[in-house]
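Hydrogens, waters and symmetry mates play no part in the numbers below; they use all other heavy atoms, side chains included.
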Amino acid sequence: LIKINHINPVLLNTERAEIFVHTVMQLLYLAQRARPDIRTAVSFLCGRLSCADADDWNKLCRVMKYLDSTRDLVLTLSADDAGCIMWWVDASFAVHMDMKGHTGGTLSMGKGSIYSTATKQKLVSRSSTETEVIAVHDVMPQLLWTRNFLLGQGVAVKDTILYQDNMSSMLLEINGKQSSTKRTRHMDIRYFFVKDRVKNKELGIEHCPTGDMRADYFTKPLQGKQFYKLRDEVMNIGSNSPYHSSQRSVLRKDAKDQSVKIVTDDIKDHGSQSSVIEEQCDMKTSEMIEQMSRNSVVLKKSYRAALVGA
């Protein structure tokens with residue numbers, strides 16, 4: 001998802017480039033409100049609006065295929081009576097082509113992600129520890145605003161907890177320059193203002209194991225078991241939902257060998273046919289994206305015409 005073809009990119013023509021921009025903006029609206037599970041992919045696509053190529057178009061098609069296969073998946077939010085604001089913040093070190101990191105963060109007051117962010121960092125860091133500290137700095141304004149907003153609405157906020165999985169960055173944020181070493185002494189003092197918030201008991205920092213770090217979902221593309229596990233937590237998917245990780249089909253042990261043999265024979269007999277089917281699916285997805293964009297433009301023109309006539 002994050003890799004970019006800098007050697008021989010095939011740029012989109014004008015028509016497809018406009019469709020690409022229009023569709024990505026629609027996905028951004030969706031990701032910010034109801035589908036945080038596509039937030040990471042949309043965040044990357046937003047950075048490709050001015051120079052989208054064929055690879056970016058294929059990535060957009062994959063997002064549309066995912067949405068089509070999960071069209072009934074909904075975000076369910078619930079809050080408990082603890083009055084605790086919980087934040088998970090994580091970062092990926094040097095994942096972009098220019099060696100910049102990526103910040104991921106999510107907020108919850110019980111179950112489900114109320115707010116999520118996935119953004120490219122604005123400077124190059126020297127270590128994963130520095131990347132994590134920068135990530136907290138990126139999320140802090142929203143964290144403090146959320147706390148102050150809820151207090152202003154009369155909500156009893158008992159605690160605000162920030163979960164991280166990097167112990168070195170946690171020490172820097174709690175102790176400031178006292179825990180700094182020669183590898184972090186160059187860091188700007190502005191990244192340690194969180195220390196004052198911790199000292200004033202406006203914020204508490206706690207450790208979260210990497211396997212349970214929800215913000216990891218927003219820092220890089222995940223796959224397999226970890227993707228479905230964190231998606232369950234971000235979207236608050238119930239165990240009875242067909243989209244829950246426990247509902248994914250697996251081969252039974254007594255029929256495993258027979259099933260594998262059938263699949264292997266099918267691949268040998270229909271390998272070329274599968275490639276043709278996959279190409280046809282890609283074409284249908286592209287046609288679907290283009291048709292959605294045209295319909296949206298027609299509706300806007302009709303709406304504007306109705307306003308002028310009125």
Inset, instruction - Verify side chain to side chain contact (heavy atoms under 4.5 Å, CB included) between Leu45 and Trp57, making sure each step is shown before the conclusion. - result: CA-CA 9 Å; Leu45 293 176; Trp57 181 266; over 6 Å; no
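- Both Ile38 and Phe20 sit in one connected hydrophobic cluster of ILVMFWY residues. Membership requires side-chain heavy atoms under 4.5 Å apart, directly or through other members.
- Taking 4.0 Å as the cut-off between side-chain N and carboxylate O, Lys111 and Asp80 do not count as a salt-bridged pair.
- The cationic atom of Arg147 (NZ for Lys, CZ for Arg) does not lie both less than 6.0 Å from the six-membered ring centre of Phe149 and within 45° of the ring axis.
- At distances below 3.5 Å, at least one donor-acceptor pair connects side-chain atoms of Thr146 with backbone N or O atoms of Gln142.
- To the nearest 0.5 Å, the span separating CZ on Arg214 from CG on Asp90 amounts to 13.5 Å.
- Judged by distance alone, with hydrogens and angles left aside, the side-chain atoms of His244 form a donor-acceptor pair with the main-chain N or O of Ser246 at under 3.5 Å.
- Side-chain atoms of Ser169 and Thr129 include no donor-acceptor pair closer than 3.5 Å.
- Under the 4.5 Å side-chain heavy-atom criterion for ILVMFWY residues, no single connected hydrophobic cluster contains both Trp88 and Met170.
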Inset, instruction - Show the numbers, then the answer: is there a side chain to side chain contact (heavy atoms under 4.5 Å, CB included) between Cys46 and Leu28? - result: CA-CA 8 Å; Cys46 286; Leu28 179 61; 4.1 Å; yes
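- Lys229 places a side-chain N or O within 3.5 Å of a backbone atom of Gly211 that can act as its donor or acceptor partner.
- Within the model, atoms CG of Leu49 and CD of Glu18 stand 12.5 Å from one another, a figure rounded to the nearest 0.5 Å.
- Heavy atoms of other residues, nucleotides or ligands lying less than 6.0 angstrom from CZ of Phe193 number more than 12.
- Linking Ile, Leu, Val, Met, Phe, Trp and Tyr whenever their side-chain heavy atoms come within less than 4.5 Å leaves Val89 and Leu171 in two separate clusters.
- The local environment of CG in Asp81 is sparse, with at most 12 non-hydrogen atoms from other residues, nucleotides or ligands closer than 6.0 Å.
- Checking Ser113 against Thr106 by side-chain atom types alone, a donor-acceptor pair falls below 3.5 Å.
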Legend entry - Residues Asn200, Val198; criterion side chain to side chain contact (heavy atoms under 4.5 Å, CB included); working and verdict: CA-CA 5 Å; Asn200 296 335; Val198 175; over 6 Å; no
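- For the atom pair OG (Ser241) and CE (Met235), the distance works out to 9.5 Å, reported to the nearest 0.5 Å.
- Counting non-hydrogen atoms of neighbouring residues, nucleotides and ligands closer than 6.0 angstrom, the CZ atom of Arg33 exceeds 12 such neighbours.
- A side-chain donor-acceptor contact under 3.5 Å links Asn236 to the backbone of Thr76.
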Inset, instruction - Start with the C-alpha gap between Arg48 and Asp53, add the side-chain angles, then the distance that decides, and say whether salt bridge (charged side-chain N to carboxylate O under 4.0 Å, His left out) holds. - result: CA-CA 8 Å; Arg48 301 291 299 163; Asp53 56 24; 3.5 Å; yes
Inset, instruction - Apply side chain to side chain contact (heavy atoms under 4.5 Å, CB included) to Thr160 and Leu143, showing your working. - result: CA-CA 9 Å; Thr160 302; Leu143 185 151; 3.9 Å; yes
Inset, instruction - Under the side-chain hydrogen bond (donor to acceptor under 3.5 Å, both in side chains) rule, what do Ser125 and Thr131 come out as? Steps first, then yes or no, please. - result: CA-CA 6 Å; Ser125 57; Thr131 305; 2.5 Å; yes
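- In this structure, Phe227 and Tyr66 have perpendicular ring planes: the angle between them is above 60°, well past the 30° mark.
- For the atom pair NZ of Lys120 and CG of Asp138, the computed distance is 13.0 Å after rounding to the nearest 0.5 Å.
- Counting heavy atoms from C-beta outward, Cys84 and Lys158 have side chains that stay 4.5 Å or more apart.
- In the hydrophobic cluster analysis, where Ile, Leu, Val, Met, Phe, Trp and Tyr join through side-chain heavy atoms closer than 4.5 angstrom, Leu203 is grouped together with Val155.
- Centroid-to-centroid, the aromatic rings of Tyr228 and Tyr243 stay 6.0 Å apart or farther.
- Once rounded to the nearest 0.5 Å, the distance linking NE2 of His6 with SG of Cys51 reads 8.5 Å.
- Annotation: Glu206, atom CD; neighbour count of heavy atoms from other residues, nucleotides and ligands within 6.0 Å is above 12.
- A side-chain donor-acceptor contact under 3.5 Å links Thr70 and Arg35.
- Atom CD1 of Ile85 is separated from atom CG of Leu150 by 4.5 Å, given to the nearest 0.5 angstrom.
- The main-chain N or O of His102 is never found under 3.5 Å from a side-chain atom of Thr219 such that the two would form a donor-acceptor pair.
- Electrostatic pairing of Lys3 and Asp55 does not count as a salt bridge here, judged by no charged N lying under 4.0 Å from a carboxylate O.
- Ser92 places no side-chain N or O within donor-acceptor distance of the main-chain N or O of Val95, the cut-off being under 3.5 Å.
- Comment: Arg231 does not engage Asp37 in a salt bridge, judged by the lack of any side-chain N to carboxylate O separation of less than 4.0 angstrom.
- Tracing side-chain contacts under 4.5 Å through hydrophobic residues (I, L, V, M, F, W, Y), one never reaches Val124 starting from Ile4; they form parts of separate clusters.
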